[in-house]
Protein chains: 2
Amino acid sequence: MLSKKTKYAIKALVVLGKNMDQPPMQISKIAELERIPKKFLEQILLDLRNAGFLYSKKGAGGGYSLNRDPKEIFLVSIMRITDGPIAMVPCASLNFYHKCDECHQESTCGIRDVFVDVRDATLKILSETSIADIIKRETTLISV
Amino acid sequence: MLSKKTKYAIKALVVLGKNMDQPPMQISKIAELERIPKKFLEQILLDLRNAGFLYSKKGAGGGYSLNRDPKEIFLVSIMRITDGPIAMVPCASLNFYHKCDECHQESTCGIRDVFVDVRDATLKILSETSIADIIKRETTLISV
DNA sequence: TATATAATCTATAATATTACTCGAAAAAAT
DNA sequence: ATTTTTTCGAGTAATATTATAGATTATATA
């Protein structure tokens with residue numbers, strides 16, 4: 001399951017992606033729009049900022065805005081910041097690899113072998129889908 | 001991440017899949033072979049038994065064996081018993097659907113739309129891969 | 001029939017993760 | 001100065017996961 005943290009992160013980025021030519025938006029505004037607990041969102045946006053996805057400005061008239069083109073922010077990057085690994089087993093993870101406790105021999109593990117395939121299939125979608133794509137999907141879904 | 005419960009379940013089924021023409025195997029034997037805490041494995045096997053995948057016999061000479069052809073036991077079914085939903089968001093789940101707390105309008109949610117695709121890709125693999133396939137992959141990996 | 005074996009059942013403890021909260025400090029605008 | 005808003009460090013509450021304990025039931029066999 002996707003953590004709420006990740007879901008909130010994506011939602012916030014989508015809101016900011018729709019706000020590109022506007023002045024920065026405040027945490028409280030995003031929290032209200034998306035029904036996200038404000039203090040929790042605070043932490044999440046800070047993580048995204050420290051990872052370079054967001055620009056922030058303190059003080060009156062401050063807030064958050066995207067630091068990149070929404071077309072260049074992919075779900076996979078967000079998820080790695082907020083949830084960590086994409087793979088379902090640690091031994092199949094590209095960015096967060098570690099050995100399974102009970103594993104006898106990784107190189108011949110059939111379970112790992114399957115979940116490498118699952119990882120690749122998931123990764124393909126998540127690394128092709130950007131914040132801009134999500135926004136586009138929403139408008140497409142509305143018009144259907 | 002796959003829970004240990006699921007990983008243990010798959011491992012146990014693989015062991016039993018290799019033990020098809022032998023007398024039933026005891027929990028303690030499986031636990032030892034796969035380094036799984038015995039009492040925990042007990043619960044897991046019981047779940048799998050109640051779901052119809054295992055045959056069990058009490059008393060001396062008792063134990064567990066597969067109730068079906070390993071070719072007919074697919075990962076997706078096991079995972080639904082031990083972990084529940086395959087989808088990463090509840091609103092994209094086929095068997096464990098429920099609405100997201102913060103969702104405004106599900107039908108136009110771009111996040112859901114992407115994670116339905118992820119679910120389908122994952123589901124394809126997990127519902128094509130059986131215990132027999134995992135055993136086959138292991139022997140293939142050994143010979144490489 | 002007694003004994004040993006092995007699954008079953010119910011409950012609970014230990015640990016980890018997730019989700020969220022608090023309060024104060026720092027930066028910026030007016 | 002004062003207000004606004006992000007930043008920072010820490011802490012807590014809720015929930016889920018992983019594991020353990022102990023008694024009970026079923027079966028085989030000597």
Side-chain angles (χ1 to χ4, degrees), chain A residues 1-12 16 23-32 34-51 53-67 79 81-85 88-90 96 98 100-102, chain B residues 1-9 11-12 16 19 23-32 34-51 53-67 79 81-85 88-90 96 98 100-102:
Chain A
M1 278 278 165
L2 217 63
S3 68
K4 292 210 171 186
K5 192 175 178 186
T6 296
K7 218 196 286 181
Y8 293 161
I10 300 173
K11 293 208 172 203
L16 294 175
M25 187 182 282
Q26 291 77 39
I27 298 177
S28 47
K29 176 75 180 172
I30 304 171
E32 188 193 338
E34 295 300 321
R35 299 179 195 166
I36 303 171
K38 194 194 154 198
K39 276 289 190 177
F40 193 23
L41 182 60
E42 216 175 274
Q43 291 179 347
I44 297 167
L45 294 179
L46 210 51
D47 285 347
L48 294 172
R49 189 206 100 107
N50 292 334
F53 292 95
L54 297 177
Y55 161 86
S56 70
K57 198 180 169 188
K58 288 180 179 178
Y64 276 101
S65 50
L66 292 192
N67 216 358
M79 288 178 62
I81 292 165
T82 50
D83 265 3
M88 297 183 81
V89 284
F96 298 86
H98 65 95
C100 297
D101 302 332
E102 0 63 52
Chain B
M1 278 280 166
L2 218 62
S3 68
K4 292 209 170 186
K5 194 175 175 186
T6 297
K7 219 195 287 182
Y8 294 161
K11 293 204 172 208
L16 294 175
N19 197 56
M25 187 182 284
Q26 293 78 40
I27 298 177
S28 47
K29 176 77 179 168
I30 304 171
E32 190 193 337
E34 295 301 321
R35 300 181 195 165
I36 302 171
K38 192 195 155 199
K39 276 290 188 176
F40 192 24
L41 182 59
E42 224 176 58
Q43 292 177 348
I44 296 167
L45 294 179
L46 210 50
D47 286 347
L48 294 171
R49 189 205 99 108
N50 291 335
F53 291 95
L54 297 177
Y55 161 84
S56 71
K57 199 179 171 188
K58 288 182 179 177
Y64 277 102
S65 50
L66 291 193
N67 217 357
M79 287 178 62
I81 293 165
T82 50
D83 265 3
M88 297 183 81
V89 284
F96 298 85
H98 65 97
C100 297
D101 302 331
E102 0 62 52

Interatomic distance, [X] [atom1] vs [N] [atom2] [rounded to whole Å]:
X	N	atom1	atom2	answer
Asn50(B)	dT8(C)	CG	P	8 Å
Arg49(B)	dA7(C)	CZ	C1'	9 Å
Asp47(B)	dC9(C)	CG	C1'	12 Å
Ile36(A)	dT18(C)	CD1	P	18 Å
Gln26(A)	dA29(C)	CD	C1'	13 Å
Leu46(A)	dA26(C)	CG	P	16 Å
Ile44(B)	dC9(C)	CD1	P	16 Å
Tyr55(A)	dA27(C)	OH	C1'	12 Å

Indicate, with a heavy-atom threshold strictly under 4.0 Å, whether Lys38(B) touches base, sugar-phosphate, or nothing.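 If one applies the 4.0 Å heavy-atom cut-off, Lys38(B) turns out to touch nothing in the nucleic acid.
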
Of all the heavy-atom pairs spanning Pro24(B) and Gly61(B), show the shortest one and how long it is. CG-O, 3.9 Å

List the atom of Arg49(B), the atom of Leu54(B), and the distance in Å for their closest heavy-atom pair.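 Here Arg49(B) and Leu54(B) meet closest at CG-O, 3.6 Å.
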
Which is it for Glu34(A) and Leu41(A) under the side chain to side chain contact (heavy atoms under 4.5 Å, CB included) test, yes or no, and what are the steps along the way? CA-CA 10 Å; Glu34(A) 295 300 321; Leu41(A) 182 60; over 6 Å; no

Find which nucleotide of DNA chain D each of Gly61(A) and Gln43(A) is nearest to by heavy atoms, and output the residue with the more 5' nucleotide.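 With Gly61(A) and Gln43(A) compared, the 5'-side residue is Gly61(A).
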
Would you kindly compare Lys39(B) and Ser28(A) by the position of their nearest DNA chain D nucleotide and give the one closer to the 5′ end? Ser28(A)

Measure from the side-chain heavy atoms of [X] and tell me the nearest of [options].
X	options	result
Glu42(A)	dG23(C), dT8(C), dC20(C)	dG23(C)
Lys58(A)	dT21(C), dT8(C), dA27(C)	dA27(C)
Tyr8(A)	dA19(C), dC20(C), dA7(C)	dC20(C)

Taking OP1 and OP2 of dT17(C), is either one under 4.0 Å from a side-chain nitrogen or oxygen of Ser3(A)? no

May I ask you to evaluate whether Lys57(A) reaches the phosphate of dA29(C), defined as a side-chain N or O under 4.0 Å from OP1 or OP2?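 It does, given that an N or O in the side chain of Lys57(A) lies less than 4.0 Å from OP1 or OP2 of dA29(C).
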
Residue whose nearest DNA chain C nucleotide is more 5′ - Gly59(B) or Thr6(A):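 Nearest-nucleotide comparison on DNA chain C picks Gly59(B).
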
Tell me, with the steps shown, if Ile81(B) and Phe53(B) meet side chain to side chain contact (heavy atoms under 4.5 Å, CB included). CA-CA 11 Å; Ile81(B) 293 165; Phe53(B) 291 95; 3.1 Å; yes

Using the side-chain hydrogen bond (donor to acceptor under 3.5 Å, both in side chains) criterion, which residues pair with Arg35(A)? Sequence neighbours excluded.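 For Arg35(A), no residue satisfies side-chain hydrogen bond (donor to acceptor under 3.5 Å, both in side chains) once neighbours in sequence are set aside.
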
With rounding to the nearest 0.5 Å, note down the distance linking CG in Leu16(B) to NZ in Lys29(B).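 Rounded to the nearest 0.5 Å, the CG-NZ separation comes to 12.0 Å.
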
So, Asp47(B) side chain and Thr82(B) main chain: donor-acceptor pair closer than 3.5 Å or not? no

Heavy-atom contact window of chain B on DNA chain D, given 5' to 3' at under 4.0 Å: dT18(D) to dA28(D)

